[in-house]
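Here's the structure we're looking at; comments come further down.
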Amino acid sequence: GDSVTQMEGPVTLSEEAFLTINCTYTATGYPSLFWYVQYPGEGLQLLLKATKADDKGSNKGFEATYRKETTSFHLEKGSVQVSDSAVYFCALLTGGGNKLTFGTGTQLKVEL
Amino acid sequence: NAGVTQTPKFRILKIGQSMTLQCTQDMNHNYMYWYRQDPGMGLKLIYYSVGAGITDKGEVPNGYNVSRSTTEDFPLRLELAAPSQTSVYFCASRPGTGGYEQYFGPGTRLTVT
C-alpha cells in the first residue's frame with residue numbers, strides 16, 4: 001500500500017541554519033505530494049505541493065522537488081527562523097483525491 | 001469566513017459513554033474528512049464524505065459513525081468510548097474542483113478514561 005517515510009525528530013537548529021527534512025514515499029501510479037505544517041495547538045496547514053515529477057513546490061522560503069526516480073520529496077529552507085518551529089508532515093495523495101497518506105511528522109525546533 | 005470549525009476543543013469521556021464531535025465548514029466544500037492523530041504518528045483517515053448524503057469508510061472506521069445531512073456539517077459519533085479512542089481528532093474539507101488541498105480545523109483533543 002501507499003506509505004510515507006520521514007526522518008525522525010526532533011530536529012534542533014540554530015536560527016539562520018539550513019534545513020533539510022527528508023521524505024520518501026511508496027505509491028502506485030503518480031501521486032501528488034504535499035508538505036503540511038502544524039504549529040503548536042493548531043490544525044495542519046498546507047505549506048507547499050507538487051503534482052508531477054520534477055515540479056518544485058515553494059512557499060515562505062521552503063522548497064521541495066518531486067523526484068520520481070528517487071521517490072523523494074525533501075523539504076529545504078536556506079535560513080530558518082524561530083517562528084518556523086513546528087511539526088512538518090509529508091503526505092501523498094492518491095485514490096482519486098480522497099486518500100491522503102501522512103508521514104509520522106518531524107518536529108523542528110529553532111533556537112536563537 | 002471562519003473556514004473549518006470544530007467543537008469542543010477538549011473533552012474527557014468515561015469508558016462506555018458516547019459523544020458527537022462537531023465539524024462545520026463555511027466554504028461550500030463538497031468533500032469533508034475526519035482524521036485522528038495519535039502521539040508520534042501521522043494522521044489516519046476515519047471517514048470521509050463526497051457530498052451531502054454520501055459517506056465512506058477510511059482506514060480506521062471501527063468504533064465511529066458519521067452522517068452528512070448538509071454541505072456544511074459533518075459530525076463524528078463515538079457510541080461506546082474506549083481508551084483506544086484517546087486521540088486528537090481533525091476535520092478537514094476541500095472543494096470538489098480546482099485542486100486537492102484540504103483545509104483543516106483546529107482539532108478536538110479527546111481523552112477516554
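Sequence lines set the chain letters: A, B, ... in the order given, protein chains first and strands last, and positions in each chain run from 1. Here the structure is a predicted model, which is why all the values come from computation and not from measurement.
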**Request:** Say whether B:Val66 and B:Val60 are linked into one hydrophobic cluster, either directly or through other cluster members, by side-chain heavy-atom distances under 4.5 angstrom.
**Result:** yes

**Item:** Heavy atoms of other groups near B:Ile15 CD1, more than 12 under 6.0 Å
**Value:** yes

**Request:** Assess whether atom OH of A:Tyr30 is packed by more than 12 heavy atoms of other residues, nucleotides or ligands within 6.0 Å.
**Result:** no

**A:Trp35 reachable from A:Leu93 in the ILVMFWY side-chain graph, under 4.5 Å edges** = no

**Asked** Is the shortest heavy-atom distance from the side chain of B:Leu43 to the side chain of A:Tyr36 under 4.5 Å?
**Response** no

**Asked** Does A:Tyr88 belong to the same Ile/Leu/Val/Met/Phe/Trp/Tyr cluster as A:Val11, with side-chain heavy atoms less than 4.5 Å apart forming each link?
**Response** yes

**Fill in**
Max heavy-atom pairs within cutoff under 4.5 Å with chain A, candidates B:Glu59, B:Gln37, B:Lys44, B:Arg109, goes to B:Gln37

**Portion of A:Leu44 that has a non-hydrogen atom of chain B nearer than 4.5 angstrom** = both

**Message:** Does B:Gln17 have more than 12 heavy atoms from other residues, nucleotides or ligands lying within 6.0 Å of its CD?
**Reply:** yes

**Request:** Working to the nearest 0.5 Å, report the span between OH of B:Tyr33 and NZ of A:Lys99.
**Result:** 12.5 Å

**Request:** Using non-hydrogen atoms and a 4.5 Å limit, figure out which bit of B:Val88 sits close to chain A: side chain, backbone, both or neither.
**Result:** neither

**Prompt:** For the hydrophobic clusters of this structure (ILVMFWY residues joined by side-chain heavy atoms under 4.5 Å, transitively), does one cluster hold both A:Leu33 and A:Leu47?
**Reply:** yes

**Message:** At a 4.5 Å cut-off on heavy atoms, which part of B:Tyr103 comes close to chain A: side chain, backbone, both, or neither?
**Reply:** neither

**Asked** Of the backbone (N, CA, C, O) and the side chain (C-beta and beyond), which part of B:Arg94 lies under 4.5 Å from a heavy atom of chain A, both, or neither?
**Response** side chain

**Item:** Pairwise distance CD(B:Glu101) to CG(A:Leu100) - rounded to 0.5 angstrom
**Value:** 10.5 Å

**Message:** Please classify the contact of A:Gln38 with chain B as side chain, backbone, both or neither, using a heavy-atom distance under 4.5 Å.
**Reply:** side chain

**Item:** Region of B:Gln102 in contact with chain A, defined by heavy-atom distances below 4.5 Å
**Value:** both

**Asked** Does the ring center of A:Phe34 lie less than 6.0 Å from the ring center of B:Tyr100?
**Response** no

**Message:** With a 4.5 Å cut-off on side-chain heavy-atom distances among I, L, V, M, F, W and Y, is there a chain of contacts connecting B:Leu21 to B:Phe90?
**Reply:** no

